[in-house]
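Comments concern the structure below.
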Amino acid sequence: MMLLPDNQNKIGYLEGLRGLAALAVVAHHFMLGFYTAAYDGNPERAHTEGLELWFYSSPLNVIANGNFCVMIFFVLSGFVLSHKYLSQGDFSILTNAAKRRYFRLFIPVGFTLLLSFILLRLNAYKHLEVSVIAHSEPWMGTLWRMDPSFGTWLEFFFYRVMFQGWHDYDTSMWTMSKELYGSFLVFGLLAITHKLKSKNIAFLAAIILAFLFDMDHYIGFFAGMMLFSLEKLALKSEGILSRTVLPWTLMAGGLLLGSFPSLAWAYMSWWDFIKNQAILDHFVFIHSIGAIMVVAAVIMSPIMQKILGTKPLLFLGNISFSLYLLHPLVLGSFASSFFLDHHLDWGYNKTGLITFILYLLLSGLLAWIMTITVDRFSIHFTKKLFKMETVKKVKGKKKK
């Protein structure tokens with residue numbers, strides 16, 4: 001999940017894009033839990049009269065393709081984490097950002113892990129019962145199955161999540177280790193190329209190496225750095241081709257690639273014309289290319305920037321990291337409990353719709369509360385912590 005270094009470095013329209021991507025992930029996980037056929041195309045898991053299978057088989061499935069949205073986060077991370085440094089060329093920007101990065105990520109993650117541990121010990125997760133009714137055992141039935149002891153939680157808290165990407169306490173947290181490592185790959189590559197004028201050659205080489213060594217998740221980080229040059233070109237361009245035709249073409253193409261499914265090729269989808277298994281297995285790479293195209297389109301298009309910079313989308317972007325972390329907890333506890341309490345009386349689909357609306361509202365409310373408390377604290381704490389460290393070093397030099 002893309003997280004900006006601090007509030008001052010936020011680029012408004014990219015916040016809006018990040019918010020939409022986070023919302024899509026929220027919808028994606030609900031779909032996996034309650035309408036799995038819309039993700040894997042398996043007719044035996046369908047609960048509607050062909051609607052889920054139609055959705056799965058159409059390019060519209062991009063609006064709930066979680067993996068594609070995560071690749072957008074990674075591209076945004078590469079772009080934003082490098083933007084200030086590439087704009088100013090000040091090496092201290094890299095060192096300061098690198099010092100804060102781990103704690104900036106870890107504080108909200110640690111808080112969410114604590115909440116999940118409490119819910120687990122209170123037996124508040126009711127997802128297993130739902131998974132049987134919804135036929136979503138392959139995904140929903142695998143969640144929160146770890147040892148609920150405090151010792152196990154400590155392992156997750158201190159290293160399993162941030163350094164190994166374990167996500168037993170929160171299914172979204174598989175991205176945390178990749179976000180952490182990807183961030184430091186960005187800082188490291190920028191440091192190595194500090195004195196180079198043609199940095200894009202090094203960034204492109206990093207993309208090629210990531211592909212060759214099966215590290216497709218990091219392609220977005222490297223490509224995001226290259227998009228800084230595209231932004232500079234876009235600011236100078238005034239033609240309708242570069243500001244309208246090309247961006248919307250890139251957006252359309254990126255979204256089409258984003259609809260490339262990442263599961264269950266045994267069932268028909270509109271991508272079924274591809275028979276090469278090597279291509280099918282590289283869905284992360286395909287989603288990364290699609291994500292790069294989408295972010296590039298937004299960077300080039302004043303119209304898209306205006307749309308994404310509206311207040312509702314800026315608000316959604318502001319709470320997006322908290323929303324990304326918290327919504328699985330709401331899904332496994334409140335949403336599952338509510339569905340179990342009402343589905344026999346109201347029917348599956350009516351209950352599913354009401355559950356989805358309440359799940360969105362509660363996730364958004366809790367995300368807003370977490371953003372103005374925990375998330376804001378993590379920003380101020382990391383700034384203050386490393387500002388104090390800098391002051392101490394300066395005082396020490398003066399004494400000498």
Side-chain angles (χ1 to χ4, degrees), residues 24-48 51-53 55-56 61 64-70 112-113 115-149 152-153 155-156 160-161 164-176 261-267 269 283 324-344 346-356 358-360 362-363:
V25 172
V26 175
H28 162 74
H29 283 144
F30 185 87
M31 181 180 70
L32 276 177
F34 290 86
Y35 291 94
T36 312
Y39 185 68
D40 67 8
N42 188 339
E44 295 181 0
R45 298 179 192 180
H47 300 282
T48 60
L51 182 60
E52 293 153 273
L53 301 181
F55 179 81
Y56 167 76
N61 71 60
N65 193 321
N67 187 77
F68 170 63
C69 295
V70 168
T112 308
L113 284 172
L115 284 182
S116 186
F117 177 71
I118 293 171
L119 290 172
L120 184 66
R121 294 305 297 262
L122 292 175
N123 197 31
Y125 290 122
K126 304 299 180 183
H127 61 292
L128 292 178
E129 296 95 319
V130 171
S131 71
V132 176
I133 299 169
H135 311 305
S136 58
E137 297 99 326
W139 182 75
M140 186 89 109
T142 65
L143 306 181
W144 295 288
R145 300 299 293 265
M146 65 289 179
D147 174 16
S149 69
T152 299
W153 178 80
E155 291 182 15
F156 279 80
R160 293 291 189 195
V161 173
Q164 296 181 330
W166 287 28
H167 51 278
D168 302 57
Y169 275 97
D170 186 328
T171 189
S172 291
M173 289 187 181
W174 70 270
T175 63
M176 288 301 104
S262 50
L263 185 66
W265 282 95
Y267 300 95
S269 81
F283 64 90
Y324 180 79
L325 292 175
L326 285 177
H327 79 271
L329 280 59
V330 178
L331 181 68
S333 57
F334 168 78
S336 294
S337 295
F338 182 87
F339 181 86
L340 289 172
D341 289 341
H342 298 287
H343 79 281
L344 291 178
W346 297 349
Y348 190 96
N349 293 318
K350 181 179 178 180
T351 310
L353 177 61
I354 296 173
T355 301
F356 179 64
L358 294 177
Y359 156 71
L360 283 181
L362 183 58
S363 296

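Predicted model, so just to flag it, every value in this text is computed and none were measured. What's counted below: heavy atoms across the whole structure, side chains too, no hydrogens, waters or symmetry copies.
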Mutual orientation of the aromatic rings belonging to Y169 and F156 [parallel < 30°, tilted 30-60°, perpendicular > 60°]: perpendicular
For the residue pair R145 and T142, what are the closest heavy atoms and their distance? CG-O, 3.4 Å
Starting at NE2 of H28, measure out to CG of L32 and round the result to the nearest 0.5 Å. 4.0 Å
For P148, check side-chain contact (heavy atoms from CB on, under 4.5 Å) against everything at least two apart and list the hits. L120, R121
Could you check if a side-chain atom of N61 sits within less than 4.5 angstrom of a side-chain atom of Y56, using non-hydrogen atoms only? no
Is there a donor-acceptor pair closer than 3.5 Å between any side-chain N or O of W153 and the backbone N or O of I118? no
Nearest heavy-atom approach of H135 to P138 is O-CD, 4.2 Å
Evaluate the side-chain proximity of T36 to N42: yes if any heavy-atom separation is below 4.5 Å, no if none is. no
Please name the pair of heavy atoms, one in L115 and one in L326, separated by the smallest distance, quoted to 0.1 Å. CD1-CD2, 3.8 Å
Minimum heavy-atom distance between V330 and Y359, given as atom pair plus value: CG1-CD1, 3.9 Å
Considering all heavy atoms of both residues, which atom of S262 and which atom of N67 are nearest to each other, and what is their separation? OG-CB, 4.4 Å
Euclidean distance, F34 CZ relative to T355 OG1, rounded to 0.5 Å: 6.0 Å
Look up atom CG in D40 and atom CH2 in W139, then write down how far apart they are to the nearest 0.5 Å. 13.0 Å
side-chain contact (heavy atoms from CB on, under 4.5 Å) partners of S149, counting only residues at least two apart: D147, T152
Determine whether S116 and Y125 satisfy the following criterion, side-chain contact (heavy atoms from CB on, under 4.5 Å), listing intermediate values before the conclusion. CA-CA 9 Å; S116 186; Y125 290 122; 2.9 Å; yes
Can D170 and Y324 be counted as having a side-chain donor-acceptor contact under 3.5 angstrom? no
Should the ring pair H47 and Y348 be called parallel, tilted or perpendicular, given that the plane angle runs from 0 to 90° and is split at 30 and 60? parallel
For S172 and P328, work out which heavy atoms get closest and say how close. OG-CG, 3.4 Å
Which residues satisfy the ring-ring contact (aromatic ring centres under 6.0 Å, His included) test with F356, sequence neighbours excluded? F30
Are the side chain of Y35 and the backbone N or O of T48 linked by a donor-acceptor pair below 3.5 Å? no
Rounded to the nearest 0.5 Å, what separates atom CD in E155 from atom CH2 in W166? 7.5 Å
Would you call the rings of H327 and H29 parallel, tilted or perpendicular if under 30° counts as parallel and over 60° as perpendicular? parallel
Donor-acceptor contacts, no H, no angles, side chain residues 126-133, under 3.5 Å, sequence neighbours left out:
{"unit_1": "K126", "atom_1": "NZ", "unit_2": "N123", "atom_2": "O", "d": "3.1"}
{"unit_1": "H127", "atom_1": "NE2", "unit_2": "L143", "atom_2": "O", "d": "2.6"}
{"unit_1": "S131", "atom_1": "OG", "unit_2": "L128", "atom_2": "O", "d": "2.6"}

Would you give me the side-chain donor-acceptor pairs under 3.5 Å for residues 336-344, sequence neighbours excluded?
{"unit_1": "S336", "atom_1": "OG", "unit_2": "L331", "atom_2": "O", "d": "2.8"}
{"unit_1": "S337", "atom_1": "OG", "unit_2": "S333", "atom_2": "O", "d": "3.0"}
{"unit_1": "H343", "atom_1": "ND1", "unit_2": "F339", "atom_2": "O", "d": "3.2"}
{"unit_1": "H343", "atom_1": "ND1", "unit_2": "L340", "atom_2": "O", "d": "3.4"}

With sequence neighbours left out, the residues meeting side-chain contact (heavy atoms from CB on, under 4.5 Å) with H167 are T171, M173, W174
